[in-house]
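For this chain, numbers begin at 1 and follow the sequence in order.
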Amino acid sequence: MPSLLDPLTIREVTFPNRIVMSPMCMYACKEEDGKVNDWHLVHYTSRAVGQVGLIIVEASAVQANGRISAQDLGIWSDEHIEGLRRLVEMVHAQGARIGIQLAHAGRKATVSGAIAPSAVPFSEAYAVPDEMTQEDIRKTIKAFADAARRAELAGFDVVEIHAAHGYLINEFLSPLTNKRLDGYGENIIGRYRFLEEIIDAVRHVWTKPLFVRISAHEYHKDGNTLETFIDYARRMKSQGVDLIDCSSGAVVPADINLFPGYQVPYAEAIRQSAGIATGAVGLITEPAHAEDIVRNHRADLVLLGRELLRDPYWPLRASKELHADIPVPKSYVRSW
């Protein structure tokens with residue numbers, strides 16, 4: 001039986017354990033340049049010291065107009081590679097693996113020039129986005145591929161495509177936000193086409209593990225459901241995606257019943273029905289809960305978000321509670 005603290009190998013990349021730092025926006029870039037600074041180096045490396053097996057860097061914009069905020073990290077330019085490479089080197093030095101989430105905010109961008117599959121705003125608080133032309137679509141697909149190439153040059157171990165939380169790719173996937181009639185909409189196949197072409201373009205330049213984050217339920221009677229995403233997951237697997245990171249919601253404003261592990265059933269169902277590895281996320285805070293998810297094959301990785309903001313050394317606590325050995329940084333042995 002697998003354990004939370006067992007290693008996992010995907011495409012010849014071995015993660016020292018199944019604990020993952022979920023990508024979380026830090027809004028810490030200066031001067032709207034999207035570049036890594038000291039905050040990012042300290043923030044992410046401290047979780048590597050804490051023995052997180054895989055750290056996924058926050059949503060990093062593949063185009064400048066695709067930022068959620070003006071303080072987001074970027075990967076739209078070769079000028080971003082140097083800082084990202086330094087971050088990768090520091091995390092690797094502590095024995096952890098590191099990935100980056102490639103993102104475009106679409107209609108939820110708060111910078112100028114917001115674009116979307118259809119000219120429908122997220123809410124009254126957001127600007128009406130420009131409906132994307134065929135040329136906009138081609139340029140954005142290329143931007144994802146260019147970002148994956150930069151991730152390779154920076155030395156990342158994993159690329160995750162952000163297709164969740166109501167951002168651009170999710171907007172194409174959802175009938176709630178995609179009203180197009182040109183082959184990138186109309187039905188499930190058309191709505192999937194944008195993500196399909198992004199995956200193919202990324203896979204052309206990226207041979208390491210490829211994850212996709214999804215919103216597996218949209219909490220709306222006319223939106224996508226788990227059954228839709230089981231179908232999408234099968235399609236992604238056939239394209240060479242290695243793992244589906246299963247979140248939910250945020251496509252349209254909705255009230256969600258939150259409780260520990262509320263999204264785990266999505267990861268479990270997609271894993272079983274589509275035959276693809278999954279990551280579970282959603283108010284998972286206790287080691288015993290995370291251990292249960294892995295040991296009972298509900299997901300292959302457990303992603304922690306705010307719990308790792310509160311406790312960068314959560315994996316060390318988990319090793320004590322689960323009575324398992326885990327490497328302890330040499331400088332910390334005397335306290336252990």
Side-chain angles (χ1 to χ4, degrees), residues 1-24 44-57 91-92 94-99 101 157-158 160 208-214 216 242-248 258-272 274-329 332-333 335-336:
M1 300 287 284
S3 170
L4 179 69
L5 299 176
D6 285 345
L8 176 67
T9 299
I10 300 176
R11 287 186 185 259
E12 300 183 358
V13 174
T14 298
F15 309 104
N17 57 56
R18 313 295 182 94
I19 302 166
V20 182
M21 183 176 185
S22 190
M24 293 172 283
Y44 290 112
T45 304
S46 65
R47 275 73 190 172
V49 171
Q51 302 304 297
V52 173
L54 169 63
I55 293 161
I56 303 182
V57 172
V91 167
H92 279 167
Q94 302 305 318
R97 294 295 192 172
I98 184 168
Q101 188 182 66
D157 304 297
V158 171
E160 177 170 277
K208 297 175 187 176
L210 178 61
F211 297 0
V212 176
R213 172 163 274 197
I214 62 168
D242 298 297
L243 182 140
I244 307 294
D245 176 1
C246 300
S247 188
S248 67
L258 304 177
F259 55 89
Y262 72 102
Q263 295 172 142
V264 174
Y266 304 136
E268 183 176 17
I270 288 173
R271 187 181 190 277
Q272 292 179 354
I276 189 169
T278 59
V281 63
L283 298 182
I284 301 166
T285 61
E286 296 304 318
H289 186 191
E291 173 72 6
D292 171 77
I293 291 167
V294 174
R295 186 169 289 275
N296 290 298
H297 305 284
R298 305 188 71 191
D300 300 271
L301 296 174
V302 175
L303 290 88
L304 305 181
R306 281 166 283 186
E307 187 64 15
L308 280 172
L309 299 184
R310 293 185 284 264
D311 182 3
Y313 308 107
W314 189 92
L316 296 175
R317 175 166 73 89
S319 70
K320 278 190 172 183
E321 293 188 18
L322 299 174
H323 307 290
D325 292 330
I326 191 172
V328 178
Y332 290 5
V333 168
S335 69
W336 208 248

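A 4.5 Å side-chain heavy-atom check between His297 and Pro2 finds at least one atom pair inside the cut-off. Taking 4.5 Å as the limit, some side-chain heavy atom of Ile10 sits within range of a side-chain heavy atom of Phe15. The side-chain heavy atoms of Asp292 and Leu4, taken from C-beta on, include no pair separated by under 4.5 Å.
Judged by distance alone, the side chains of Glu307 and Thr285 never bring a donor and an acceptor atom under 3.5 Å apart.
Legend: residues meeting side-chain hydrogen bond (donor to acceptor under 3.5 Å, both in side chains) with Thr278, ordered by chain and number and at least two apart, are absent. For Ala277, the side chain to side chain contact (heavy atoms under 4.5 Å, CB included) test picks out Leu243, Asp300, with sequence neighbours left out. Under the rule for a side-chain hydrogen bond (donor to acceptor under 3.5 Å, both in side chains), Asp311 has no partner lying at least two apart in sequence or in another chain.
Here the CD-CG distance, from Gln263 to Asp245, works out to 9.5 Å after rounding to the nearest 0.5 Å. To the nearest 0.5 angstrom, Leu304 atom CG is 11.5 Å from Arg47 atom CZ. The CD1 atom of Ile56 sits 10.5 Å away from atom OH of Tyr44, with the distance rounded to the nearest 0.5 Å. Between the CD atom of Glu291 and the OG atom of Ser3 there is a distance of 3.5 Å, given to the nearest 0.5 Å. Taken to the nearest 0.5 Å, the OG atom of Ser46 stands 9.5 Å off from the CG atom of Leu308. Atom CD of Gln51 sits about 13.5 Å away from atom CH2 of Trp314, to the nearest 0.5 Å.
Closest non-hydrogen pair, Gly50 versus Leu316, comes out as O-CG, 3.8 Å. Taking all atoms of both residues into account, the shortest heavy-atom contact from Pro209 to Asp242 is CA-OD2, 3.3 Å. Residues Val294 and Arg18 approach most closely at CG1-NH1, 4.0 Å, considering heavy atoms. Heavy-atom minimum distance, Pro16 versus Gly95: CG-O, 3.7 Å. A pairwise comparison of heavy atoms in Arg213 and Gln101 identifies CD-NE2, 3.7 Å as the closest pair. Taking all atoms of both residues into account, the shortest heavy-atom contact from Arg317 to Pro287 is NH1-CD, 3.7 Å.
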Intermediate values then yes/no, side chain to side chain contact (heavy atoms under 4.5 Å, CB included), Gln94 and Thr45: CA-CA 8 Å; Gln94 302 305 318; Thr45 304; 4.1 Å; yes
Steps toward side chain to side chain contact (heavy atoms under 4.5 Å, CB included) verdict (Val20, Phe211): CA-CA 13 Å; Val20 182; Phe211 297 0; 5.9 Å; no
Leu5 and Ile19: side chain to side chain contact (heavy atoms under 4.5 Å, CB included), yes or no, with the steps? CA-CA 7 Å; Leu5 299 176; Ile19 302 166; 3.7 Å; yes
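Listed for the Asp157 side chain is a donor-acceptor partner under 3.5 Å among the backbone atoms of Ile98. Side-chain atoms of Asn296 do not come within 3.5 Å of backbone N or O of Arg298 as any donor-acceptor pair.
For Arg306, the CZ atom sits in a loose shell: 12 or fewer heavy atoms of surrounding residues, nucleotides or ligands are nearer than 6.0 Å.
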